Amino acid sequence: MKKNVTILFMMITCILFSGCAAQQQVVSDEPVCLPNTLPPQAMQSAETVLLKMHFDIEKNDLEARFIRTRPLSGAQFFEFWRKDNASAFARGQANLHSIRRIVELDFSPENTTTCIQCRVNVSRLSIPERPIQGFSYMGGLYTDSHTREQTLDVGRERTEGIEWLDIGPDHDLEQKILELIQRDIQKGTS
């Protein structure tokens, strides 16, 4: 009996502390270098990859060798066709919060090689708190819900406090984008 209690206690302890480990991400500020690739070819492949991931291109400057996308809201669990959540953490974050991502790519030529630096900036929507007047009003705290339409109703005094807060880079998505660009270029040269 005492042995069973000890085993049960150890199992509960393992379950409780299993989620306390720090999240490990591959952090790489090193650019990916593609041999036998010129910047226009790399930029075309990058644009193709980003468009397939449903990003809209805001700036594509061939002279500056730079691409930036417009903000893209994080894919929700029911948007199975979207590929902008590169990890389970990103998937969870996109389903719990209103987040958006902006991708920036820099292309550096070195002889016949082009090096690509990718940055994905993630920001989260912050809405000022509103006092709860009672549990019966909780459902309409921020929304004005009807059977046909749901709208965000923050109020004029809180509208000025709405902002997008920078929550850091998404290194997993950066790596995924660079891998897809490499694959696209290799597919084109084969």
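It should be emphasised that the depicted structure is a prediction, and the values quoted were computed from it without experimental measurement.
- Interatomic distance, CD1 of Ile181 versus OG1 of Thr114, reported as 11.5 Å (0.5 Å rounding).
- In this structure, the side chains of Leu34 and Thr113 stay at 4.5 Å or more apart for every pair of heavy atoms.
- Annotation for Asn111: atom CG does not count as buried by contact number, only 12 or fewer foreign heavy atoms lying within 6.0 Å.
- Pro109 approaches Pro39 most closely through the heavy-atom pair CB-CG, 3.6 Å.
- Between Cys118 and Leu105 there is a side-chain heavy-atom pair separated by less than 4.5 Å.
- The shortest distance between side-chain heavy atoms of Ile177 and Leu50 falls below 4.5 Å.
- Taking CD1 from Ile102 and CH2 from Trp164, the interatomic distance works out to 9.5 Å, rounded to the nearest 0.5 Å.
- Partners of Ser45 under the side chain to side chain donor-acceptor pair (under 3.5 Å) rule, at least two apart in sequence or in another chain, are Asp184.
- Leu165 is linked by a side-chain contact (heavy atoms from CB on, under 4.5 Å) to Ser126, Glu163, counting only residues two or more places apart in sequence or in another chain.
- Among residues two or more places apart in sequence or in another chain, the side chain to side chain donor-acceptor pair (under 3.5 Å) test is passed with Asn60 by Glu47.
- Taking CD from Gln76 and OG from Ser98, the interatomic distance works out to 7.5 Å, rounded to the nearest 0.5 Å.
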Side-chain donor-acceptor contacts of residues 62-69 below 3.5 Å, not counting sequence neighbours, with atom names and distances?
{"from": "Arg68", "atom 1": "NE", "to": "Glu58", "atom 2": "OE1", "distance (Å)": "2.8"}
{"from": "Thr69", "atom 1": "OG1", "to": "Val103", "atom 2": "N", "distance (Å)": "2.9"}

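- Of all heavy-atom pairs between Ile116 and Ala42, the closest is CD1-CB, 4.3 Å.
- Of all the heavy atoms in Ala75 and Ala94, the pair that sits closest is O-CB, 3.3 Å.
- One distance of note links CZ of Arg91 with CG of Leu96; it measures 12.5 Å at 0.5 Å rounding.
- Among pairs with a residue in residues 94-119, those fulfilling salt bridge (Lys or Arg N to Asp or Glu O under 4.0 Å) read Asp84-Arg101, Arg101-Asp170, Glu104-Arg119, Asp106-Arg119, at least two apart in sequence or across chains.
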Applying side chain to side chain contact (heavy atoms under 4.5 Å, CB included), run through Lys83 and Lys52 and close with a yes or a no. CA-CA 9 Å; Lys83 306 294 183 211; Lys52 283 181 183 176; over 6 Å; no
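- Nearest heavy atoms, Gly74 versus Glu79: O-OE1, 4.2 Å.
- With rounding to the nearest 0.5 Å, the separation of CD in Gln44 from OG1 in Thr48 is 4.5 Å.
- How far CG of Leu72 is from CZ of Phe55: 5.0 Å, rounded to the nearest 0.5 Å.
- No side-chain heavy atom of His97 sits less than 4.5 Å from a side-chain heavy atom of Ile167.
- For the pair Leu51 and Ile57, the minimum side-chain heavy-atom distance is below 4.5 Å.
- Counting heavy atoms of neighbouring residues, nucleotides and ligands inside a 6.0 Å radius, atom CZ of Phe78 exceeds 12 of them.
- Evaluation of the salt bridge (Lys or Arg N to Asp or Glu O under 4.0 Å) test over residues 33-45, restricted to residues two or more places apart or in two chains, returns none.
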